[in-house]
Amino acid sequence: MSHPNWKRVVIKVGSALISPNKQGCSSHYLLSIAQFIVRCRANGTQVVLVSSGSVAAGAHLFPDHEKSNIAVKKAMAAAGQTEMIATWDRLFDFPSAQMLLTHADLRDRERYVSIRETIFSLLEHNVLPIVNENDTVTTDKLKVGDNDNLSAMVAAAADADALIICSDIDGLYNKNPHDHDDAELLKEVDTIDASIYAMAGGAAEGGVGTGGMRTKIEAAEKAVSHGIDTYIINGFTELSFNMLLAGKNPGTHFSPYDKPMLENVHWMRHTSNAQGEVIVDGDFDSSLENDSEQLTSSEIVDVKGEFSVGDTILVRKADGTKLVKAKSNYSSCLLNFIANQENDDFASEFEDKTGPIISDQHVANLEKE
Ligand SMILES: Nc1ncnc2c1ncn2[C@@H]1O[C@H](COP(=O)(O)OP(=O)(O)O)[C@@H](O)[C@H]1O
Ligand SMILES: N[C@@H](CCC(=O)OP(=O)(O)O)C(=O)O
């Protein structure tokens, strides 16, 4: 088979490939990845690179006993990032661009749309976008936390056809091969369910990776539901890239959904995160599937957390069943106020004037998780 017919791909490169010895960046493994990127572009495929490695690359500049300190880790990321970008840039004879993102950027619809526009503009002008998480500014609340999930969010934002996750291992095994000699490689995964998650462990203790296979499966789930072919491959060997260009699967391939989610529903489901919760009584469930505008304050049992107009909220039943994620047209404060009115007429008159509680434009059904 000739090279695959991709219009656009996202290639994610793990830390072990950038900084195998935590002594700054090494181009040793990056050469064949760069060559793959060059060949993709020559075939007419647009490429977005998501590169890890800033923390690992900056590690050698700081004393060992300080490396677990969060502020020092951020400093390692800041220092390593320039070296990482410079190393990539040296490998190409076309321009590259640095994009540093956080989850706070991606979960905000306006900023998300802006990120999409920037990616498309760079690609249109033949500039290679190189994305990483902006580790220096993130907190637990603001971060994606791992570049596997980040790469899937970027692949969705870029409307990519394929996501290629280059790791330090051949793909997903039925158990961690570092712990089990009899582990077997899965070549094809058609459905990502609990049995697949059960196979995936975390990153190796003391290694440079974050998240291990677990976050790669999460990433694959995000990507395939957007209709994106996803591969986990061994980035240490050039053979992986030659096989991909020949249309073959060098690692684990995750099949995309036949019917991908709509772009805005996918964003709501997989990129946005809920700022608060609205607890409803059981009757709401069926009406929502027919018409998402039907949530009324009389069905609301409780409002949890603080959210503003336009924030994403989780609507769930009192027993914990998750129903939908949706954009709230009301703040938590106002919703609490009208839901607590003894007189239902007041609330319904208010809603008639102000409009529906959740927007029917941005609703992701969670299929009763
Ligand atoms: N079932 C599994 N199959 C393959 N690797 C696994 C599995 N479970 C856990 N792992 C671990 O995941 C690691 C790859 O993830 P990670 O260390 O985060 O690398 P990267 O830097 O490429 O993201 C493997 O080296 C292995 O230690
Ligand atoms: N943003 C971090 C990468 C975090 C991460 O997910 O690392 P990895 O598991 O090696 O892809 C960095 O640049 O060091």
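Ligands are counted one by one from 1 in listed order, and the atoms in each one are counted from 1 as well. Here the structure is a predicted model, which means the values were calculated and not measured.
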Participant: Suppose we measure from atom 5 (N) of ligand 1 to each protein heavy atom; which comes out shortest, and what is that distance?
Facilitator: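 For atom 5 (N) of ligand 1, the nearest protein heavy atom comes out as Met213 CG, 3.3 Å.
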Participant: Got the closest protein heavy atom to atom 11 (C) of ligand 1, with its distance?
Facilitator: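 Here the closest protein heavy atom is Gly202 O, 3.3 Å.
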Participant: Is there a nitrogen or oxygen of Leu172 sitting under 3.5 Å from a nitrogen or oxygen of ligand 1?
Facilitator: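 It does not: no N or O of Leu172 is found under 3.5 Å from an N or O of ligand 1.
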Participant: Which is it for Lys175 and ligand 1 at heavy atoms under 4.0 Å: side chain, backbone, both or neither?
Facilitator: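 Under 4.0 Å from ligand 1, Lys175 contributes backbone atoms alone.
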Participant: Just to be sure I read this right, does ligand 1 sit under 4.0 Å from the backbone of Ile169, its side chain, both, or neither, counting only heavy atoms?
Facilitator: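 For Ile169, only side-chain atoms sit under 4.0 Å from ligand 1.
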Participant: If we check side-chain contact (heavy atoms from CB on, under 4.5 Å) with Thr87, which of these qualifies: Thr82, Leu30, Ile18?
Facilitator: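 So the option named by the test is Leu30.
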Participant: Specify side chain, backbone, both or neither for Thr210, according to which of its non-hydrogen atoms lie closer than 4.0 Å to ligand 1.
Facilitator: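 For Thr210, the contact with ligand 1 is made by the backbone alone.
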Participant: Could you tell me the residue and atom name of the protein heavy atom closest to atom 12 (C) of ligand 2, and the distance to it rounded to 0.1 Å?
Facilitator: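 Checked against all protein heavy atoms, atom 12 (C) of ligand 2 sits closest to Ser54 OG, 3.3 Å.
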Participant: Has ligand 1 got any nitrogen or oxygen that is less than 3.5 angstrom from a nitrogen or oxygen of Ala200?
Facilitator: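 No; the residue has no nitrogen or oxygen that sits under 3.5 Å from a nitrogen or oxygen of the ligand.
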Participant: Does any N or O in the side chain of Asp105 come within less than 3.5 Å of the main-chain N or O of Thr102, such that one atom is a donor and the other an acceptor?
Facilitator: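 Between the backbone of Thr102 and the side chain of Asp105 there is a qualifying donor-acceptor contact (under 3.5 Å).
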Participant: By number and element, which atoms of ligand 2 are closer than 4.0 Å to a non-hydrogen atom of Gly14?
Facilitator: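 Near Gly14, the atoms of ligand 2 are 10 (O), 11 (O).
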Participant: How close do Thr45 and Trp6 get, counting heavy atoms only, and between which atoms?
Facilitator: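 Looking at all heavy atoms of both residues, the shortest contact is OG1-O, 2.9 Å.
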Participant: Within the 4.0 Å heavy-atom shell around Asp146, which atoms of ligand 2 are there?
Facilitator: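 Here the atoms of ligand 2 in question are 6 (O).
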Participant: Quick one: does ligand 1 sit under 4.0 Å from the side chain of Pro177, the backbone, both or neither, non-hydrogen atoms only?
Facilitator: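 The answer is the side chain.
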Participant: Is a donor from one side chain sitting under 3.5 angstrom from an acceptor on the other, for Ser52 and Asn147?
Facilitator: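 Note: Ser52 and Asn147 side chains meet the donor-acceptor criterion.
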Participant: Under 4.0 Å between a Lys/Arg side-chain N and an Asp/Glu carboxylate O for Lys73 and Asp135?
Facilitator: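 Salt bridge between Lys73 and Asp135, a charged N being under 4.0 Å from a carboxylate O: no.
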Participant: With distance as the sole criterion, is a donor-acceptor pair present between the side chains of Arg39 and Asn242 under 3.5 Å?
Facilitator: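 Judged by distance alone, the side chains do pair up.
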Participant: Quick one: look up the protein heavy atom nearest atom 6 (O) of ligand 2 and list residue, atom name and how far away it is.
Facilitator: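 Going atom by atom, the protein heavy atom closest to atom 6 (O) of ligand 2 ends up being Asn147 N, 2.7 Å.
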Participant: Just checking, any donor-acceptor pair under 3.5 angstrom between side chains of Glu351 and Thr296?
Facilitator: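 Absent: no donor and acceptor within the cut-off.
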Participant: Under 4.0 angstrom from ligand 1, any heavy atom of Ala183?
Facilitator: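 For ligand 1, residue contact (heavy atoms, under 4.0 Å) with Ala183 is absent.
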Participant: Measure up the Phe346 and Phe337 rings against each other and bin them: parallel (under 30°), tilted (30 to 60°), perpendicular (over 60°).
Facilitator: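 Perpendicular, since the angle between the ring planes exceeds 60°.
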Participant: Salt bridge check: are Glu277 and Arg316 linked by an N-O gap of less than 4.0 Å?
Facilitator: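 Judged by the 4.0 Å cut-off on N to carboxylate O distance, Glu277 and Arg316 do form a salt bridge.
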Participant: Counting each atom of ligand 2 from 1 as listed, which ones have a heavy atom of Gly209 under 4.0 Å away?
Facilitator: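 Under 4.0 Å from Gly209, ligand 2 has these atoms: 9 (O), 10 (O).
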Participant: Using a strict 4.0 Å threshold on nitrogen-to-oxygen distance, state whether Arg116 and Asp159 make a salt bridge.
Facilitator: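 Counted as a salt bridge, because a side-chain N and a carboxylate O are separated by less than 4.0 Å.
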Participant: Quick check on Ala77 - does any of its heavy atoms sit under 4.0 Å from an atom of ligand 2?
Facilitator: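 Checking ligand 2 against Ala77, which is what was asked, there is no heavy-atom contact under 4.0 Å.
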Participant: Do the charged groups of Glu124 and Arg8 touch, with an N to O distance under 4.0 Å?
Facilitator: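 Here Glu124 does not pair with Arg8 in a salt bridge, since their nearest N and O are not under 4.0 Å apart.
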Participant: Would you mind checking if Lys216 and Asp146 are paired as a salt bridge, meaning a charged N to carboxylate O distance below 4.0 Å?
Facilitator: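 Here Asp146 does not pair with Lys216 in a salt bridge, since their nearest N and O are not under 4.0 Å apart.
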Participant: Below the 3.5 angstrom mark, is there an N/O of Ala203, backbone or side chain, next to an N/O of ligand 1?
Facilitator: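 No, Ala203 has no N/O under 3.5 Å of an N/O on ligand 1.
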Participant: State if Lys12 counts as touching ligand 1 under the rule of any non-hydrogen atom under 4.0 Å.
Facilitator: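 A heavy atom of Lys12 does come that close to ligand 1.
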Participant: By number and element, which atoms of ligand 1 are closer than 4.0 Å to a non-hydrogen atom of Ser15?
Facilitator: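 By the 4.0 Å cutoff, the relevant atoms are 21 (O).
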Participant: Taking NZ, NE, NH1 and NH2 as the nitrogens, is one of them in Asp161 or Lys7 under 4.0 Å from a carboxylate oxygen of the other?
Facilitator: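 No, this pair does not count.
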Participant: Considering only the protein, which heavy-atom contact is closest to atom 3 (N) of ligand 1, and what is its distance?
Facilitator: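 Atom 3 (N) of ligand 1 sits closest to the protein heavy atom Tyr173 N, 3.1 Å.
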Participant: What residue and heavy atom of the protein are closest to atom 14 (O) of ligand 2, and at what distance?
Facilitator: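 Closest protein heavy atom to atom 14 (O) of ligand 2: Val55 N, 2.9 Å.
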Participant: Tell me yes or no: between the side chains of Asp190 and Ser255, is some donor less than 3.5 Å from an acceptor?
Facilitator: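 Distance-only check passes for Asp190 and Ser255.
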Participant: To check your reading of the model: name the closest protein heavy atom to atom 8 (P) of ligand 2, its residue, and the distance in Å.
Facilitator: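 Of every protein heavy atom, Ser52 OG, 3.5 Å lies nearest to atom 8 (P) of ligand 2.
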Participant: Mind checking whether Trp88 and Phe92 have parallel, tilted or perpendicular rings, split at 30° and 60°?
Facilitator: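 It falls in the parallel class, under 30°.
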Participant: Where is the nearest protein heavy atom to atom 20 (P) of ligand 1: which residue, which atom, and how far?
Facilitator: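 I find the closest protein heavy atom is Lys216 NZ, 3.5 Å.
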Participant: List ligand 1 atoms under 4.0 Å from Gly14, heavy atoms only on the residue side.
Facilitator: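 Near Gly14, the atoms of ligand 1 are 21 (O), 22 (O).
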Participant: Considering non-hydrogen atoms of the protein only, which is the closest contact for atom 9 (O) of ligand 2, and what is the distance?
Facilitator: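 Nearest protein contact, heavy atoms only, for atom 9 (O) of ligand 2 is Thr210 N, 2.7 Å.
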Participant: Would you mind checking which non-hydrogen protein atom is closest to atom 26 (C) of ligand 1, with the distance to 0.1 Å?
Facilitator: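 Ranked first by proximity to atom 26 (C) of ligand 1 is His178 CD2, 3.4 Å.
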Participant: Do Ser225 and His266 get their side chains close enough for a donor-acceptor pair, meaning under 3.5 Å?
Facilitator: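 There is such a pair (donor and acceptor under 3.5 Å, judged by atom type) between the side chains of Ser225 and His266.
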Participant: Starting from atom 1 (N) of ligand 2, which protein heavy atom do you reach first, and at what distance in Å?
Facilitator: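 Atom 1 (N) of ligand 2 sits closest to the protein heavy atom Asp135 OD2, 2.7 Å.
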Participant: Quick one: pull up SG in Cys40 and CD1 in Ile11 and give me the separation to the nearest 0.5 Å.
Facilitator: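 It is 5.0 Å, given to the nearest 0.5 Å.
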Participant: Distance under 4.0 Å to a non-hydrogen atom of Lys12: what atoms of ligand 2 satisfy this?
Facilitator: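 Result: 8 (P), 11 (O).
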Participant: Of the protein's non-hydrogen atoms, which lies at the shortest distance from atom 10 (O) of ligand 2, and what is that distance?
Facilitator: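 Going by distance alone, atom 10 (O) of ligand 2 is nearest to Ser15 OG, 2.7 Å.
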Participant: Under 3.5 Å, is there a donor-acceptor pair between the Asn234 and Asp168 side chains?
Facilitator: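 Looking only at side-chain atoms, Asp168 and Asn234 do not form any donor-acceptor pair under 3.5 Å.
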Participant: Do me a favour and list the nearest non-hydrogen protein atom to atom 22 (O) of ligand 1 with residue, atom name and distance?
Facilitator: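 Here the closest protein heavy atom is Ser167 OG, 2.7 Å.
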Participant: Any atom of ligand 1 sitting under 4.0 Å from a heavy atom of Gly235?
Facilitator: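 Not so, Gly235 does not reach ligand 1.
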Participant: What protein heavy atom is closest to atom 24 (C) of ligand 1, reported as residue, atom name and distance in Å?
Facilitator: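 For this ligand atom, the closest protein heavy atom is Asp168 OD1, 3.6 Å.
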Participant: Note the single closest protein heavy atom to atom 8 (N) of ligand 1, along with its residue, its atom name and the distance in Å.
Facilitator: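 Ranking protein heavy atoms by distance from atom 8 (N) of ligand 1, first comes Gly201 N, 2.9 Å.
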